[in-house]
Amino acid sequence: MTTLRFGAFLPPIHPLGESPTWWLRHDLDFMAHLDRLGFDEALDRGAPLDR
C-alpha cells in the first residue's frame, strides 16, 4: 500500500505593477514554509521543485 503524499501548486497570479522580485521572494518563503510543514512537493509557475 502506498502512502498519501501532499503537494501544492502556486499559480503565477500576482498584482500588476508590483515588484516581481518581492513576489519571487514571497513565493520562495512560502515554499520553504510548506517544506517545514512536511509537503512532499511544490509546483511554482509550472517548474517542479521536489525535495
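Ring geometry, Trp23 versus His26: the interplanar angle exceeds 60°, so the pair is classed perpendicular (tilted spans 30 to 60°).
With Asp40 contributing its side chain and Gly7 its backbone, the two residues share no donor-acceptor pair below 3.5 Å.
Rounding to the nearest 0.5 angstrom, the gap separating the CG atom in Leu24 from the NE2 atom in His14 is 8.0 Å.
Transitive grouping of hydrophobic side chains (ILVMFWY, heavy atoms separated by less than 4.5 Å) brings Leu34 and Leu4 into a common cluster.
Between Arg25 and Asp29, the closest side-chain pair of non-hydrogen atoms falls below 4.5 Å.
Residues in residues 15-24 take part in no salt bridge (charged side-chain N to carboxylate O under 4.0 Å, His left out) pair, two or more places apart or across chains.
Residues satisfying the side-chain contact (heavy atoms from CB on, under 4.5 Å) criterion with Ala32, sequence neighbours excluded, are Arg36.
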